[in-house]
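Structure first, commentary second.
To find a chain, count down the sequence lines: A is the first, B the second, and so on, and within it residues start at 1.
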Amino acid sequence: MPELPEVETIARGVDKRVRGDRIVQAWFASHPQPFKTPPARQSKGLAGRVILAVHRTGKHIVFELGAAGGAGDARGRKALKRAEAKAPAEAQWIVHLGMTGRLLVTTPESPVARHTHARLALESGRELRFVDPRRFGRLEFRDLLRGAAFGAPGAEPLTIGAREFATLFRGRRLAIKAALLNQTLLAGVGNIYADESLFQAGIRPRRRANRVSRAELERLRLALREILTHAIRLGGSSVSDYVDADGARGFFQLEHCVYQRTGEPCRRCQTPIRRVVLAGRGTHYCPECQH
DNA sequence: CATTTCACCTGGTGGC
DNA sequence: TGCCACCAGGTGAAAT
């Protein structure tokens with residue numbers, strides 16, 4: 001399940017591969033999911049555009065796109081890389097991977113995987129593909145000349161300050177873990193990193209958000225920042241079959257303290273890790289270390 | 001409005 | 001071996 005570190009890893013990998021390339025043609029499947037923008041409008045909007053940059057916002061991957069020039073544009077990819085900083089984006093393609101979504105950069109001849117919902121033919125001769133068995137992902141196209149740029153509703157956990165972080169939870173009576181998962185408050189935290197950061201901060205997932213002290217919230221903010229940063233460095237957590245744009249697995253799953261360690265000894269105190277269901281999700285914590 | 005529940009999907013697992 | 005119930009969880013709509 002891609003969360004912030006996995007999405008960041010994928011966005012960096014895709015950026016490295018396709019920045020400066022041009023979308024020659026785009027094909028989309030015909031079923032309604034996973035398209036936030038109708039597929040016909042997406043393929044029309046993407047065709048001919050240069051990819052200026054690819055980056056992450058929350059759990060979304062955002063492709064910044066230039067004007068739809070013809071194939072006759074003589075500028076090479078290197079020149080476009082240099083021009084990127086100056087050229088304002090005129091459109092965006094926004095990819096949310098949901099639970100099982102993958103972005104692949106392949107050759108056109110490479111066999112098309114089952115559940116491939118989008119194929120973008122690039123001028124370099126390669127192909128960018130979106131594969132998502134469960135179709136929980138979302139693909140959206142935005143024309144910035146006619147509408148607003150994409151912005152994640154929630155704050156970025158890597159850069160949010162202490163005061164703003166504390167404000168997010170003020171007056172909220174829901175469980176602190178449910179609040180962490182709410183993307184309109186914080187953008188990018190999912191089930192794995194919610195459980196791991198609550199463990200590191202020593203806070204029980206079921207505690208009501210407004211009953212968590214200021215000092216504990218600050219521990220939580222720092223734990224989140226540290227864990228997310230560390231996970232990005234390790235290429236994310238590979239649970240089930242997650243891989244990055246290179247097909248490489250991440251390594252942070254080896255450092256999980258509680259997530260999917262039900263019954264196993266706590267790394268800090270040896271007490272068996274407990275599992276409960278909270279907000280409809282498997283939730284893991286140490287009854288000894290978290291209060 | 002705040003909060004909770006559930007539907008959306010498919011693949012993998014475990015029981016029989 | 002085959003069949004089926006069940007689980008996984010990000011998101012957004014519907015219900016409370």
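- In this structure a side-chain-to-backbone donor-acceptor pair under 3.5 Å is present from A:Q92 to A:F150.
- Using a 4.5 Å heavy-atom threshold, the side chains of A:L97 and A:E6 count as separate.
- A:R135 has no side-chain polar atom (N or O) that falls below the 4.0 Å cut-off from OP1 or OP2 of B:dC8.
- The nearest whole Å value for the distance from the CG atom in A:N182 to the C1' atom in B:dT4 is 12 Å.
- Proximity of A:H115 to the phosphate of B:dG11: a side-chain N or O atom is located under 4.0 Å from OP1 or OP2.
- Listed candidates were B:dT10, B:dC9, C:dG10. Nearest to the side chain of A:P133 is B:dT10.
- At distances below 3.5 Å, at least one donor-acceptor pair connects side-chain atoms of A:R142 with backbone N or O atoms of A:A148.
- The minimum heavy-atom distance between A:F169 and A:L217, with the atom names listed, is CD1-CD2, 3.8 Å.
- In this structure, A:R138 reaches neither bases nor backbone, as no heavy-atom distance under 4.0 Å exists between it and the strands shown.
- Closest contact between the side chain of A:R281 and the listed nucleotides C:dT11, C:dG12, B:dT4 involves C:dT11.
- Checking the phosphate oxygens (OP1, OP2) of C:dG10, no side-chain nitrogen or oxygen of A:Q183 falls inside 4.0 Å.
- Counting to the nearest Å, the P atom of C:dG10 and the CG atom of A:L180 are 12 Å from each other.
- Salt bridge absent: A:R267 and A:E255 never bring a charged side-chain N and a carboxylate O closer than 4.0 Å.
- Of the listed nucleotides (C:dT11, B:dC8, B:dT3), B:dC8 has the atom at the smallest distance from the side chain of A:Q33.
- Between A:K59 and the phosphate of C:dT11, there is a side-chain N or O to OP1/OP2 separation shorter than 4.0 Å.
- In this structure, A:R12 pairs ionically with A:E8, as a charged nitrogen and a carboxylate oxygen lie closer than 4.0 Å.
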Below 3.5 Å between N/O atoms, which protein atoms pair up with nucleotides 5-8 of chain C? Just atom names and distances, please.
{"unit_1": "C:dA8", "atom_1": "OP1", "unit_2": "A:R275", "atom_2": "NH2", "d": "2.2"}
{"unit_1": "C:dA8", "atom_1": "N1", "unit_2": "A:R134", "atom_2": "NH2", "d": "3.3"}
{"unit_1": "C:dA8", "atom_1": "N3", "unit_2": "A:R134", "atom_2": "NH1", "d": "3.0"}

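- Side chain of A:T37 to backbone of A:Q42: no donor-acceptor contact under 3.5 angstrom is found.
- B:dC9 and C:dA14 have their P atoms separated by 14 Å, given to the nearest Å.
- In terms of phosphate contacts, A:H96 brings a side-chain nitrogen or oxygen within less than 4.0 Å of OP1 or OP2 of C:dT11.
- A stacked arrangement is not assigned to A:F136 and the six-membered base ring of C:dT11, the conditions of a centre distance below 5.5 Å and an interplanar angle below 30° not being jointly met.
- For A:E3, the side-chain atoms get nearest to C:dG10 when compared with the rest of C:dG10, C:dT11, B:dT10.
- One interatomic measurement links the two molecules: CD of A:E140 to C1' of C:dG12, which rounds to 14 Å at whole-angstrom precision.
- Regarding A:R208, its CZ atom lies at a distance of 12 Å from the C1' atom of B:dT4, rounded to whole Å.
- Nucleic acid contact for A:R114: sugar-phosphate only, since backbone atoms but no base atoms lie under 4.0 Å from a heavy atom of the residue.
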